[in-house]
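Beneath this line is the structure, given in structure tokens, with notes to follow.
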Amino acid sequence: MAFTLKINGTPHEVDVDGDTPLLWVLRDVLGMTGTKFGCGQALCGACTVHVDGAATRSCITTVDSIGDSAVATIEAVGQTPQGAALQQAWLELEVVQCGYCQSGQIMSAAALLKDTPKPTDDDIDAAMSGNVCRCGTYQRIRAAIHKAAA
């Protein structure tokens, strides 16, 4: 079936089955490989994108469920003030270790800052609880979120 998806502000025509996960459309059809595959069950957060500004697990979100919603990926997160601040804080605090979770972490953090510009540690813990980090950089992630919010 043909779908028109608005991704990072640009319409994209794709011809895929309606039950195709958004993750595979982004990566395999459109070549946007910043969004990562982790578990395929929405448990790890590596595939997080924004759908109408909300952090969404793209591995279980089907293309036919998107409709007219706007999708934002890690490739465009720096186009928002919160996303740009997060990227800068991520670099300054050397958050990145193995890289497995980074795009999902940043996308979840950007959605948090959009809705809660001055988050508490509890807000951060709640928003980031669905993102798995293999190398244990959570304290740096929390610090980067606070720095970006400052």
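- Checked by atom type and distance alone, the side chain of Arg57 pairs as donor or acceptor with a backbone atom of Gly130 at under 3.5 Å.
- Interatomic distance, CG of Asp15 versus CE of Met1, reported as 9.5 Å (0.5 Å rounding).
- The only member of Asn8, Thr48, Thr35 that meets side chain to side chain donor-acceptor pair (under 3.5 Å) when paired with Thr73 is Asn8.
- Heavy atoms only, all atoms of each residue included: Ile60 and Gly40 are closest at CG2-O, 4.0 Å.
- Taking NZ of Lys36 as the reference point, atom CD of Gln105 lies at 14.0 Å (rounded to 0.5 Å).
- Taking OG1 of Thr80 as the reference point, atom CG of Leu86 lies at 8.0 Å (rounded to 0.5 Å).
- Taking all atoms of both residues into account, the shortest heavy-atom contact from Ala143 to Leu93 is C-CD1, 3.6 Å.
- Residue Leu23 is not grouped with residue Ile66 when hydrophobic side chains (ILVMFWY) are merged at heavy-atom distances under 4.5 angstrom, including chains of intermediate members.
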Stepwise side-chain contact (heavy atoms from CB on, under 4.5 Å) check, Met107 with Val77: CA-CA 7 Å; Met107 295 305 286; Val77 75; 3.8 Å; yes
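- If you check the side chains of Thr120 and Asp122, you find no donor sitting under 3.5 Å from an acceptor.
- Two residues are said to be in side-chain contact when any heavy atoms from C-beta on lie closer than 4.5 Å; Cys101 and Val132 fail this criterion.
- Under the 4.5 Å side-chain contact rule for hydrophobic residues, Val95 and Ile74 share a cluster.
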Met128 vs Ile145, side-chain contact (heavy atoms from CB on, under 4.5 Å): CA-CA, chis, key distance, verdict: CA-CA 10 Å; Met128 304 304 289; Ile145 293 169; 4.0 Å; yes
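- Shown here is Asp121, whose CG atom has more than 12 heavy atoms of other residues, nucleotides or ligands within 6.0 Å.
- Connection of Val14 to Leu22 is established within a shared hydrophobic cluster, with ILVMFWY side chains joined at heavy-atom distances below 4.5 Å, either directly or through further cluster members.
- Residues Trp90 and Gln102 bring a donor and an acceptor atom of their side chains to less than 3.5 Å of each other.
- In terms of heavy-atom proximity, Pro21 sits nearest to Cys59 at CB-O, 3.4 Å.
- Taking NE2 from His50 and OG from Ser58, the interatomic distance works out to 11.5 Å, rounded to the nearest 0.5 Å.
- Residues Val71 and Val29 are members of one and the same hydrophobic cluster, defined by side-chain heavy-atom contacts under 4.5 angstrom among Ile, Leu, Val, Met, Phe, Trp and Tyr.
- Side-chain contact, Ser69 with Asp52: a donor N or O sits under 3.5 Å from an acceptor N or O.
- The two residues Ile124 and Arg142 come nearest to each other via the heavy atoms CD1-CG, 3.9 Å.
- The two residues Ala89 and Ala144 make their nearest non-hydrogen contact at CB-O, 3.4 Å.
- Of all the heavy atoms in Ala42 and Cys39, the pair that sits closest is N-SG, 3.6 Å.
- Under the 4.5 Å side-chain contact rule for hydrophobic residues, Val16 and Met32 share a cluster.
- Looking at Asp123 and Thr116, their side chains never bring a donor and an acceptor atom within 3.5 Å of each other.
- Considering CD of Glu75 and CG of Leu26, their distance stands at 7.5 Å, rounded to 0.5 Å.
- Using a 4.5 Å heavy-atom threshold, the side chains of Thr4 and Lys6 count as separate.
- Atoms CG and CG, on Leu43 and Asn131 in that order, are 11.5 Å from each other to the nearest 0.5 Å.
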